[in-house]
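This report concerns only the one structure given below.
Only heavy atoms go into these numbers, but all of them, side chains included; no hydrogens, no water, no symmetry mates. Sequence positions, counted from 1, serve as the residue numbers for this chain.
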Amino acid sequence: MAISPSLKAAEKDNSLPIEELQMFAEIFGKIKADYVEEIDDKDLLTYAINGMLAGLDAHSAFLEPVGYKQMQTDTDGQFGGLGIEVTKENDLIKVVAPIDGTPADEAGLQSGDFIIEIDGVSVLKMPLNEAVSKMRGEPGTEIGLTIQREGVPDLFQVELVRTVIQLQSVRSELLEPGLGYLRLSSFQSGTAQHMRVQIKALVDDNEGSLDGLVLDLRNNPGGILSSAVEISDMFLDGGDIVSIKGRIESSRKTYSAQPGDILDAKPMVILVNGGSASASEIVAGALQDHKRAVIIGTNTFGKGSVQSIIPINYGRALKLTTSLYFTPDDRVIQKKGIAPDITAELSVNGNYDYWDAEQVEDDSESEEGAEQSETTLAQRMRGDNQLLQAVNLLKGMRIIGSAAEPEQS
């Protein structure tokens, strides 16, 4: 029976590249025989595996037992280290974002910083998982990072002390009557439930339903996909939230919202910046596409790929990029990010995390004729022009909404 041309092509596509495999074996043998130091066969094969995965993208990696175990514990809201999300770019380690209140945050690391050395050791071409492993260690131990920052001519050193990272992923405050603020620093397994509790607390503090909400996702490096889906679902009354698309059937799925909006469609503003990544971009993209929220800030990071953890023999695992995230309007997130509806750069010397902002001294008891002390909100607006724009926008939407409501007779 004759073989069809299409079947021949398929067989050719699935055949092993014999010449390349022979070349690999030859190089392996030359290294074994001629390299200046004797190298163990297992080490050479591990180097080959790491190099193969590094050639794919910045997020695929080979996980040894220790690294695999660490990854399994990173989503429970408590882990040891510096509190920093990193990725790989141009053979260097790039900071996605520091996590609020962690050593990395307190040391002033910023989204977009490049880590050049870890304790004096160059990270050039170092696998990402190896760099992450080096930054982790016993709580209380010190570590030095050499940083390259855009706009700063010289490299500089940052000294940090490792600690147990206990994430408080949700914080909230009533900015003024009717207007709530939620700061979400990461997406962990219990984050959605914490969000519901915080929203209820805002409603209780307001003694009634909110007129509007600011959801602050700035410098939120992401986390668990299911958490992003659940949080998006809170504010949507239906429709798609995010799709993941890959080559194989198991890597394709669309997540949709269920009926019910926890804010009853009241206005929302989402704050984002270059440190908003992954799950943050899913939430921002979903609510933007559904016209549910106005996005204010700067373009997000653009980390929209999905990594599957594939267990293999001897307690090891493969972290492999298997699909990409797409917003409800079929926009790809990877390398593009989410563009804000209103672009607003944080002012020079601005502080996005206003819980740490310097408070203005109370001058209410100054001499007669002096201005009264500023409100807490006004103090915070001075250091956070992006939040100021969000609040002003919500106030305007509240006025427009009130004017549009029919009078009761």
Q. Please walk me through it: do Thr343 and Glu345 pass side chain to side chain donor-acceptor pair (under 3.5 Å)?
A. CA-CA 7 Å; Thr343 299; Glu345 296 279 353; over 6 Å; no

Q: Have a look at Thr322 and tell me which of Ser308, Ser251, Ser305 forms a side-chain hydrogen bond (donor to acceptor under 3.5 Å, both in side chains) with it.
A: Ser308

(Q) Within the 4.5 Å heavy-atom criterion, are Leu45 and Phe28 side-chain neighbours or not? (A) yes

Q: Could you tell me the separation between the CG atom of Leu175 and the OH atom of Tyr181, rounded to the nearest 0.5 Å?
A: 8.0 Å

Q | Intermediate values then yes/no, side chain to side chain contact (heavy atoms under 4.5 Å, CB included), Val283 and Phe235 | A | CA-CA 10 Å; Val283 174; Phe235 306 107; 5.9 Å; no

Q) Between atom CD1 of Ile116 and atom CD1 of Ile147, what is the distance when rounded to the nearest 0.5 Å? A) 7.5 Å

Q: Would you indicate whether the side-chain heavy atoms of Asn385 and Leu346 approach each other to under 4.5 Å?
A: yes

Q: Take atom NE2 of His290 as the centre, draw a 6.0 Å sphere, and report whether it contains more than 12 heavy atoms from other residues, nucleotides or ligands.
A: yes

**Q.** Donor-acceptor contact present, side-chain Ser111 to main-chain Val96, <3.5 Å
**A.** yes

Q: Report yes or no: does Asn90 contribute a side-chain atom to a donor-acceptor pair with the main-chain N or O of Leu92 at less than 3.5 Å?
A: no

Q: Would you check if Tyr255 and Asp233 make a side-chain contact, meaning some heavy-atom pair closer than 4.5 Å?
A: no

Q) Distance-only, no hydrogens or angles: does the Arg162 side chain make a donor-acceptor pair with backbone N or O of Arg136 under 3.5 Å? A) yes

Q) Between the main-chain N or O of Gly302 and the side-chain N or O of Glu281, is there a donor-acceptor pair closer than 3.5 Å? A) yes

Q: Work out which heavy atom in Leu217 is nearest to a heavy atom in Arg183; give both atom names and the distance.
A: C-NH1, 3.9 Å

Q. Is the closest side-chain heavy-atom distance between Ile270 and Val294 below 4.5 Å?
A. no

Q: Evaluate the side chain to side chain contact (heavy atoms under 4.5 Å, CB included) criterion for residues Glu64 and Thr46: first the C-alpha distance (whole Å), next the side-chain angles of each, then the deciding distance (0.1 Å), finally the verdict.
A: CA-CA 10 Å; Glu64 294 283 5; Thr46 298; 3.9 Å; yes

Q.
Whether Lys245 and Asp330 form a salt bridge (side-chain N of Lys/Arg under 4.0 Å from carboxylate O of Asp/Glu) is what I want to check.
A. yes

Q: Using only heavy-atom distances, determine whether the side chains of Asn273 and Asn219 contain a donor-acceptor pair under 3.5 Å.
A: yes

Q.
Walk me through whether Lys134 and Asp119 qualify under side chain to side chain contact (heavy atoms under 4.5 Å, CB included).
A. CA-CA 9 Å; Lys134 285 182 177 296; Asp119 280 337; over 6 Å; no

Q) Under 4.5 Å between any side-chain heavy atoms of Leu82 and Leu109, yes or no? A) no

Q: Please confirm whether the backbone N or O of Arg331 pairs with a side-chain atom of Thr327, one donor and one acceptor, at under 3.5 Å?
A: yes

Q: Might you point out which heavy atoms bring Val95 and Phe301 nearest each other, and give the distance in Å?
A: O-CE1, 4.4 Å

Q. Does Glu85 pair with Lys303 as a salt bridge, N-O distance under 4.0 Å?
A. no

Q: Please answer whether the main-chain N or O of Glu130 pairs with a side-chain N or O of Ser133 as donor and acceptor at a distance below 3.5 Å.
A: no

Q) So with a 6.0 Å cut-off around CD of Glu20, is the heavy-atom count from everything else above 12? A) yes

Q | Closest non-hydrogen atom pair between Gly83 and Ala104, with its separation | A | O-CB, 3.6 Å

Q | Spacing of Asp237 atom CG and Gln258 atom CD [to the nearest 0.5 Å] | A | 10.5 Å

Q.
side chain to side chain donor-acceptor pair (under 3.5 Å), that's the test. Do Glu117 and Ser122 meet it? Break it down for me.
A. CA-CA 4 Å; Glu117 295 179 344; Ser122 172; 5.8 Å; no

Q.
Are the side chains of Leu210 and Leu179 in contact, using a 4.5 Å heavy-atom criterion?
A. no

(Q) Please report the interatomic distance CD1(Ile231) to OG(Ser227), rounded to the nearest 0.5 Å. (A) 4.0 Å

Q: Please tell me if the side chains of Leu53 and Leu56 come closer than 4.5 Å, counting only heavy atoms from C-beta onward.
A: yes

Q) Atom CD1 of Ile295 and atom CE of Met268: how far apart are they, to the nearest 0.5 Å? A) 8.0 Å

Q | Expected output: side-chain Asn206 to main-chain Ser209 donor-acceptor under 3.5 Å | A | yes

(Q) When you compare the side chain of Lys253 with that of Ser243, does any pair of heavy atoms fall below 4.5 Å? (A) no

Q. Closest heavy-atom contact between Met126 and Ile93?
A. O-CD1, 4.4 Å

Q. Does the side chain to side chain contact (heavy atoms under 4.5 Å, CB included) test come out yes or no for Leu182 and Ile199, once each step is laid out?
A. CA-CA 8 Å; Leu182 277 172; Ile199 290 173; 3.6 Å; yes

Q: Grab the two heavy atoms, one from Asp105 and one from Ile99, that are nearest each other, plus how far apart they are.
A: CB-O, 3.2 Å

Q | Rounded distance [0.5 Å steps], CZ in Arg252 versus CD1 in Ile244 | A | 11.0 Å

Q: Check the pair Ser256, Asp240 against side chain to side chain donor-acceptor pair (under 3.5 Å), reporting the backbone distance first and the verdict last.
A: CA-CA 4 Å; Ser256 300; Asp240 292 345; 2.9 Å; yes

Q | Passing option when Arg218 is tested against Asp384, Thr300, Asp100, Thr298 for side-chain hydrogen bond (donor to acceptor under 3.5 Å, both in side chains) | A | Asp384

Q: Taking atom CD of Glu159 as the centre, report whether more than 12 heavy atoms of other residues, nucleotides or ligands fall under 6.0 Å from it.
A: yes

(Q) How close do Ala192 and Met234 get, counting heavy atoms only, and between which atoms? (A) O-CE, 2.9 Å

